[in-house]
Amino acid sequence: MLAAILRQFYTAVSFAIPLIYVLLMSLISIIRHHTATIELRPSRNLRINAGSGLLYSLTVVTKPPPLRAVVEVKAPGGSLRVSPTRLYLNGEASINVNARYNLGGVKRPRLVLTFTDTRGLVRVRRVVRHPRITVIPRARTAIQFARGGLLAQSALTLGAEDVREVREYVPGDPIRRLHWKKSAKLNKLIIKLLQGPGLPGPHHPAILRNKPYTG
């Protein structure tokens, strides 16, 4: 600006070119970091018992195009611990994770990733959902849930309905229908399939009256 005021045109242009370049590259870097797709790929099946720890590696993958940056990773609360918390990302990078939950359920924690481009000009913060972690409650945890009112509320809601059969949990199933004892025994979440109160069961009087006498 001073060179332009002093009518030193070529000097002003020589200073303006690197400034315009830095601003343009910063703008491009901001757009790339905000629009890139971020995937978190675990190294193993994320299924643990409540109260137990699970060690695995988590690969951070960016596309398209692959990002080159320094990334800082922060995990929520004390349920997840990551190491290292700061690493260089060249399209993808891996971190070690230690997960531990005391209560059963399906967990989808959020990870905060802060990207700093290789030139150190731009910092972009992204929040990414962790892949689903299935936590199988222990028998003692199930009893605590019952005392806390979760299973009691489920019993009041379901009333006199009978359990017809069970199957493995799928996303979208109501949590109140979880079969905690069988889930702990099979080491996976199990859902109760219920028989409505209007449907006669095998010991219903109508069924017994129509059942042929076998002597």
Side-chain angles (χ1 to χ4, degrees), residues 25-138 141-142 144-145 148 150 168-178 180 183-184 186-191:
M25 295 305 297
S26 298
L27 179 60
I28 294 175
S29 183
I30 290 175
I31 295 174
R32 289 182 59 191
H33 283 77
H34 275 291
T35 58
T37 301
I38 303 174
E39 294 183 5
L40 303 179
R41 299 176 181 173
S43 60
R44 56 179 296 183
N45 184 23
L46 302 182
R47 188 186 300 270
I48 58 175
N49 292 323
S52 301
L54 178 66
L55 298 175
Y56 58 96
S57 63
L58 195 65
T59 303
V60 182
V61 181
T62 59
K63 61 180 182 179
L67 296 180
R68 294 183 179 180
V70 176
V71 59
E72 298 178 14
V73 184
K74 290 185 179 180
S79 301
L80 292 180
R81 295 183 180 180
V82 298
S83 176
T85 57
R86 181 183 176 91
L87 65 158
Y88 177 71
L89 178 74
N90 186 11
E92 63 179 60
S94 296
I95 56 176
N96 297 318
V97 183
N98 184 359
R100 182 184 297 271
Y101 290 92
N102 293 323
L103 300 180
V106 179
K107 312 297 182 180
R108 289 294 307 275
R110 296 181 180 183
L111 297 182
V112 179
L113 307 180
T114 303
F115 297 91
T116 304
D117 71 337
T118 53
R119 299 177 182 85
L121 300 174
V122 174
R123 286 175 60 88
V124 175
R125 180 177 177 269
R126 297 283 299 271
V127 178
V128 184
R129 282 282 190 180
H130 190 283
R132 183 178 64 184
I133 303 176
T134 302
V135 183
I136 307 298
R138 298 170 296 183
T141 306
Q144 292 174 353
F145 264 84
L150 181 61
E168 188 172 354
Y169 170 88
V170 295
D173 286 335
I175 299 299
R176 68 176 184 272
R177 292 190 180 179
L178 282 174
W180 296 109
S183 297
L186 299 179
N187 196 28
K188 59 182 179 181
L189 290 179
I190 299 297
I191 285 290

Q. Are Val128 and Leu40 close enough that some pair of their side-chain heavy atoms sits under 4.5 Å apart?
A. yes
Q: Determine whether Val71 and Thr114 make a side-chain contact, defined as any pair of heavy atoms from C-beta on separated by less than 4.5 Å.
A: no
Q. Got His33 and Asp117 here, is their nearest side-chain heavy-atom distance under 4.5 Å?
A. yes
Q. Is a salt bridge present between Arg126 and Glu39, judged by a nitrogen-to-oxygen distance below 4.0 Å?
A. no
Q | Worked check of side-chain contact (heavy atoms from CB on, under 4.5 Å) between Val106 and Ile133 | A | CA-CA 6 Å; Val106 179; Ile133 303 176; over 6 Å; no
(Q) Can you pull out every ring pair (Phe, Tyr, Trp, His ring centres under 6.0 Å) where at least one residue sits in residues 60-90? Sequence neighbours excluded, please. (A) none
Q) Are Thr116 and Arg123 close enough that a side-chain donor and a side-chain acceptor fall under 3.5 Å? A) yes
Q: Show your working on side-chain contact (heavy atoms from CB on, under 4.5 Å) between Leu111 and Lys74 and close with a plain yes or no.
A: CA-CA 6 Å; Leu111 297 182; Lys74 290 185 179 180; over 6 Å; no
**Q.** Ser94 and Thr59 side chains, donor-acceptor separation under 3.5 Å
**A.** yes
**Q.** Exercise: do Asn98 and Arg81 side chains pair donor with acceptor under 3.5 Å
**A.** no
Q) Only one of Val70, Val122, Ile38 forms a side-chain contact (heavy atoms from CB on, under 4.5 Å) with Phe115, so which one is it? A) Ile38
Q: Using a 4.5 Å cut-off on heavy atoms from C-beta on, say whether the side chain of Lys107 contacts that of Val135.
A: yes
